[in-house]
Amino acid sequence: MDRSDVTLERMRTFIRVAERGSLSAVARELGVGQSTITRHLRELEAAVGVPLLSRTTRRVTMTDEGSRYYADSVQILRLVEQAGDEARGTRGASAGTIRISCTAALGVLHVSRLIFAFQDRYPDIGVDLSLTDERIDLVREGVDIALRLGPLTDSSMRLRALGRSRRLLVAAPAYLAARGTPAVPQDLPSHEGIRMSNIAGSDTLALQGPGGERHAVPFGGRFRVDHGLAAREALVAGRGIAPAHHWLVDDLLEAGRLEAILPDYSPPPVPLSMLIVPERAGIARVRLLVDFLAQRIGGIPGIEKPR
């Protein structure tokens, strides 16, 4: 086997196995049998002339030669895709698939609709939307773009600030009728709080007052949850008070199913950011979606775009 047997298909297979560390996971992702993945890797290693991967019963890792080959392969495939975009001109941007990861509740309620509008404009672009509140490894999961709420620490990704998500305190009218409406932050510890179990420090509620003063009040309750949509349901069911993103409850406030409380005291806003895998940033269809989302995201209720 010679170097002419280094095909793009085998190179793509190697890249995904290197990123995911599992032959079976890549086989499921690509919709082929594991034997096909094994054959691609065997043929690629034979063509290159060195072992690229080290296999154990639990994990597949790259050899030193494999790490160098991986970095070069990623660049080669990026250039191949960009060359195709340029050769096809404007049509080059309107074909292919983009993989995007998004905070779950925001994705269900708002971002999915933005993607529908994007696909109406570019009908040949496929979008794979993954909804999760976990901080996943974008490269390992094959994601091009991620929308995330909160502070970020991954400096290897390109970051584009989209704005800040305003929050407010809300509760159902039935809850307030039964338990009373808090008049000052110090009333909150005697109320039922709906807390997010996947957010550190949710047993203390930070609020900013009308004069900029800061308050930290104990915040407890019998119901904790790790998903925004479940917190939304708990609010509607009258289970307590919660700090909520405006976009999570704007329709419920308008319909009168929830009420804002302590309007002069607000939880601090949360940064909303877009992460872009650097190797994918130059691909035309990815650039189109990045720009489209950056332009439209400010239309989501409560999102303050950066100045």
Side-chain angles (χ1 to χ4, degrees), residues 1-85 95-102 125-132 134-148 152-159 274-287 289-290:
M1 190 169 289
D2 59 32
R3 291 181 180 178
S4 64
D5 294 305
V6 179
T7 65
L8 295 179
E9 182 182 24
R10 291 167 186 158
M11 193 177 287
R12 288 191 184 96
T13 299
F14 162 69
I15 287 172
R16 291 305 293 143
V17 171
E19 290 170 348
R20 303 210 61 174
S22 167
L23 274 68
S24 59
V26 174
R28 289 192 297 271
E29 177 184 308
L30 300 180
V32 299
Q34 187 169 331
S35 60
T36 300
I37 302 299
T38 301
R39 177 170 53 82
H40 284 179
L41 296 174
R42 184 178 63 248
E43 291 169 346
L44 181 63
E45 288 179 325
V48 174
V50 295
L52 302 174
L53 297 167
S54 176
R55 302 165 179 81
T56 67
T57 55
R58 293 187 176 182
R59 182 112 178 112
V60 178
T61 58
M62 287 184 282
T63 62
D64 290 342
E65 295 83 0
S67 295
R68 291 191 292 270
Y69 192 77
Y70 167 81
D72 290 339
S73 297
V74 168
Q75 294 300 321
I76 288 169
L77 289 180
R78 179 177 61 84
L79 290 172
V80 167
E81 190 153 8
Q82 287 180 337
D85 286 348
T97 298
I98 306 168
R99 295 176 177 85
I100 178 171
S101 174
C102 182
I125 295 181
V127 177
D128 286 352
L129 176 61
S130 173
L131 300 177
T132 178
E134 296 181 8
R135 299 300 172 92
I136 63 171
D137 184 321
L138 304 188
V139 174
R140 178 180 172 85
E141 299 300 324
V143 171
D144 302 312
I145 302 168
L147 299 179
R148 289 288 177 260
L152 300 172
T153 58
D154 192 343
S155 60
S156 66
M157 299 291 117
R158 292 192 183 181
L159 186 148
M274 185 187 312
L275 293 174
I276 309 156
V277 176
E279 292 79 11
R280 307 290 292 173
I283 296 171
R285 63 179 178 273
V286 175
R287 291 199 309 267
L289 183 55
V290 166

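Just so you know, these numbers use all the heavy atoms, side chains as well, and skip hydrogens, waters and symmetry mates. Because the structure is a prediction, the values reported are computed rather than measured.
Side-chain atoms of T63 come within 3.5 Å of backbone N or O of P51 as a donor-acceptor pair. A donor-acceptor pair under 3.5 Å is absent between the side-chain atoms of S54 and the main chain of M62, judged by distance alone. Panel note: side chain E9, backbone H40; no donor-acceptor pair is recorded below 3.5 Å.
For the atom pair CG of L129 and CD1 of I98, the computed distance is 11.5 Å after rounding to the nearest 0.5 Å. The OG1 atom of T13 sits 10.5 Å away from atom CG of L8, with the distance rounded to the nearest 0.5 Å. Rounded to the nearest 0.5 angstrom, I37 CD1 and R42 CZ are separated by 12.0 Å. The CD1 atom of I15 sits 7.0 Å away from the CE atom of M11 when rounded to the nearest 0.5 Å. To the nearest 0.5 Å, atom CZ of residue R280 and atom CG of residue L77 are 9.0 Å apart. Taken from OG1 in T7 to CZ in R12, the straight-line distance is 9.0 Å, to the nearest 0.5 Å.
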Exercise for the section: Check the pair L289 / R285 against side-chain contact (heavy atoms from CB on, under 4.5 Å), numbers first and verdict last. Expected result: CA-CA 6 Å; L289 183 55; R285 63 179 178 273; over 6 Å; no
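A heavy-atom distance below 4.5 Å is found between the side chains of L41 and R55. Contact of the V277 side chain with the V139 side chain is registered, since non-hydrogen atoms from C-beta on lie closer than 4.5 Å. Here the side chains of E45 and L53 are in contact, with some heavy-atom distance below 4.5 Å. You'll find the side chain of M157 reaches within 4.5 Å of the side chain of P278, heavy atoms only. No side-chain heavy atom of V50 sits less than 4.5 Å from a side-chain heavy atom of Y69. The side-chain heavy atoms of S101 and I136, taken from C-beta on, include a pair separated by under 4.5 Å. The shortest side-chain heavy-atom distance between M274 and R148 does not fall under the 4.5 Å cut-off.
Taking every heavy atom of both residues into account, G66 and F14 meet most closely at O-CZ, 3.5 Å.
Between R99 and E29 there is no salt bridge, since none of the side-chain N atoms of the basic residue sits less than 4.0 Å from a carboxylate O of the acidic one. A salt bridge links R16 and E19; the closest N-O separation between the charged side-chain nitrogens and carboxylate oxygens is under 4.0 Å.
Partner L138 forms a side-chain contact (heavy atoms from CB on, under 4.5 Å) with one of D144, I145, L275 and no other, that one being L275.
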